[in-house]
Peer 1: 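Handing you a structure now.
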Amino acid sequence: MSVVVLTGAGISAESGVPTFRDSDGLWEGHDPMTVATPEAYAADPDLVHRFYDERRAALSRVRPNAAHQALARLEQALGDDLLLVTQNVDDLHERAGSERVLHMHGRLAAAWCTACDARHEWHGPLAHRPPCPDCGSRSLRPDVVWFGEIPYEMDRIERALEACDLFVAIGTSGTVYPAAAFVHWAQGDTLELNLDASLGADGFGRARQGPATELVPAWVDELLSR
Ligand code: BJW
């Protein structure tokens, strides 16, 4: 059985990583959605760097939860028959043991040099404009996908969705495209696991509501016992 899983901010919420659209989602008085744009970066790069530097530093204070761990267990059982796609820029899937994760919106632990196009693993801050290790230019930005930019690995994701037996979306609000459209691209059965019904819940064949740390391990157990 071939399975595509899409995760969003809700899977990391119980690890202490704030989601984008839940109640107290303001950062320094800004809606994170207005900070995650090329326009915000052009207008106030210091502000945008601070936003990402803080989130990168916060990674060391959070741990994967039972939902991330259950998906790592699923990968061990299904191997190449599982494609795990995440919209999250944190590294909690990898730290739970998942080895093949597609980060369609990039990663906090990576920097992109807009001068020479090199990408580097990056764990420190960027706000002080460190030089690019390859070309020396002080043009590094977070290697994340902002509104108006093209998400990573779209061809591979599209092919996997068109061939899968089951598509499962976990902890995502269904408000950001193209991820919100994956349920319509998927050929097989579709299942949503989310705290509340998402905006796109009606598009799924089945939906279950509750915290990811309960729903995801239970669903993985169910799938593996078939
Ligand atoms: C729990 C839980 C618990 C809480 N357990 N669940 C008009 C119409 C249609 C589309 C567009 C349009 N105008 C513009 C567009 C396109 C645009 C878009 O979608 N805009 C919308 C605002 C309408 N999209 C783009 O620009 C994208 N690019 C694009 O489309 O390029 C064209 C193209 C596509 C494909 C091929 C070729 C070309 C780029 C989108 C980039 C999004 N970037 C961000 C920032 C990334 C870096 C960073 O992290 O800072 O990605 S924005 C932000 O939203 C982030 C997230 O990954 C993304 C999705 O958020 P997510 O994960 O769903 O989080 P939340 O907070 O919204 O929801 C959390 C959910 O969890 C909730 O449902 C809770 O209930 C639940 N939950 N606790 C289970 N314990």
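Just so you know, ligand 1 is whichever comes first in the structure, and atom 1 is the first atom listed for that ligand.
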Peer 1: Could you list which atoms of ligand 1 come closer than 4.0 Å to a heavy atom of Glu14?
Peer 2: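 This gives 3 (C), 5 (N), 80 (N) as the contact atoms.
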Peer 1: With hydrophobic residues grouped by side-chain heavy-atom distances under 4.5 Å, do Val3 and Val85 end up in a single group?
Peer 2: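 In one cluster: no.
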Peer 1: State whether the side chain of Thr190 and the backbone N or O of Gly205 hold a donor-acceptor pair below 3.5 Å, judged by distance alone.
Peer 2: yes
Peer 1: With heavy atoms under 4.0 Å as the rule, classify the contact between Val144 and ligand 1 as side chain, backbone, both or neither.
Peer 2: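 Side chain only; the backbone of Val144 stays clear of ligand 1.
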Peer 1: Between ligand 1 and Ser198, is the shortest N or O to N or O distance under 3.5 Å?
Peer 2: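 There is no such contact.
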Peer 1: If you measure from the Lys or Arg side-chain nitrogens to the Asp or Glu carboxylate oxygens, is any gap between Asp90 and Arg107 under 4.0 Å?
Peer 2: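 No, this pair does not count.
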Peer 1: Looking at ligand 1, would Arg55 count as a contact under a 4.0 Å heavy-atom criterion?
Peer 2: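 Yes; Arg55 lies near enough to ligand 1 that a heavy-atom distance drops under 4.0 Å.
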Peer 1: Between Met33 and ligand 1, which part of the residue brings a heavy atom under 4.0 Å of the ligand: side chain, backbone, both or neither?
Peer 2: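 Looking at Met33 and ligand 1, just side chain atoms fall under 4.0 Å.
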Peer 1: Under 4.0 Å from a heavy atom of Asp196: which atoms of ligand 1 are those, numbered in the order shown and with their elements?
Peer 2: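 So the atoms of ligand 1 that pass are 75 (O).
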Peer 1: Report yes if Trp146 has an N/O atom closer than 3.5 Å to an N/O atom of ligand 1; otherwise report no.
Peer 2: no
Peer 1: In terms of atom number and element, which parts of ligand 1 are under 4.0 angstrom from non-hydrogen atoms of Gly148?
Peer 2: 25 (C), 26 (O)
Peer 1: Do ligand 1 and Leu195 have nitrogen or oxygen atoms that lie under 3.5 Å from each other?
Peer 2: yes
Peer 1: Answer yes or no: is there a donor N or O on one side and an acceptor on the other, between the side chain of Glu75 and the main chain of Glu99, under 3.5 Å?
Peer 2: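 Yes: the side chain of Glu75 pairs with the backbone of Glu99.
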Peer 1: To check your reading of the model: name the closest protein heavy atom to atom 27 (C) of ligand 1, its residue, and the distance in Å.
Peer 2: Tyr177 O, 3.2 Å
Peer 1: With a 4.5 Å cut-off on side-chain heavy-atom distances among I, L, V, M, F, W and Y, is there a chain of contacts connecting Val176 to Ile170?
Peer 2: no
Peer 1: Among all protein heavy atoms, pick the one closest to atom 43 (N) of ligand 1 and tell me residue, atom and distance.
Peer 2: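 Ranked first by proximity to atom 43 (N) of ligand 1 is Val145 O, 2.9 Å.
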Peer 1: With a 4.0 Å heavy-atom cut-off (strictly under), which part of Arg21 contacts ligand 1: side chain, backbone, both or neither?
Peer 2: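 Looking at Arg21 and ligand 1, atoms from backbone and side chain both fall under 4.0 Å.
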Peer 1: What do we get for Thr172 next to ligand 1 when only non-hydrogen atoms under 4.0 Å count, side chain, backbone, both or neither?
Peer 2: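 Both backbone and side chain of Thr172 come within 4.0 Å of ligand 1.
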Peer 1: In chain order, what residues pass the salt bridge (charged side-chain N to carboxylate O under 4.0 Å, His left out) check against Arg159, with sequence neighbours excluded?
Peer 2: none
Peer 1: Side chains of Asn65 and Ser15: donor-acceptor distance under 3.5 Å anywhere?
Peer 2: yes
Peer 1: Just need the protein heavy atom nearest to atom 75 (O) of ligand 1, so name the residue and atom and give the distance.
Peer 2: Asn194 ND2, 3.4 Å
Peer 1: With a 4.0 Å cut-off, strictly under, does atom 8 (C) of ligand 1 pick up any protein heavy atom?
Peer 2: no
Peer 1: Starting from atom 20 (N) of ligand 1, find the nearest protein heavy-atom neighbour and note its residue, name and distance.
Peer 2: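 Ranking protein heavy atoms by distance from atom 20 (N) of ligand 1, first comes Phe147 CE2, 3.7 Å.
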Peer 1: Between Pro151 and ligand 1, which part of the residue brings a heavy atom under 4.0 Å of the ligand: side chain, backbone, both or neither?
Peer 2: side chain
Peer 1: Are the side chains of Gln187 and Cys164 in touch, meaning some heavy atoms are under 4.5 Å apart?
Peer 2: no
Peer 1: Report yes if some N/O of Val176 lies less than 3.5 Å from some N/O of ligand 1; otherwise report no.
Peer 2: no
Peer 1: Tell me which protein heavy atom sits closest to atom 37 (C) of ligand 1, plus the residue, atom name and distance to 0.1 Å.
Peer 2: Ile150 CG2, 3.9 Å
Peer 1: Quick check: closest heavy atoms across Trp185 and Pro178, and the distance to 0.1 Å?
Peer 2: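 Scanning both residues completely, I find the closest heavy atoms to be CH2-CB, 3.9 Å.
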Peer 1: Using only atom types and a distance under 3.5 Å, with no angle test, would you say the side chain of Asp91 pairs donor to acceptor with the backbone of Glu94?
Peer 2: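 Judged by distance alone, no pair lies under 3.5 Å.
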Peer 1: May I ask you to identify the nearest protein heavy atom to atom 28 (N) of ligand 1, giving residue, atom name and distance to one decimal place in Å?
Peer 2: Glu149 O, 2.7 Å
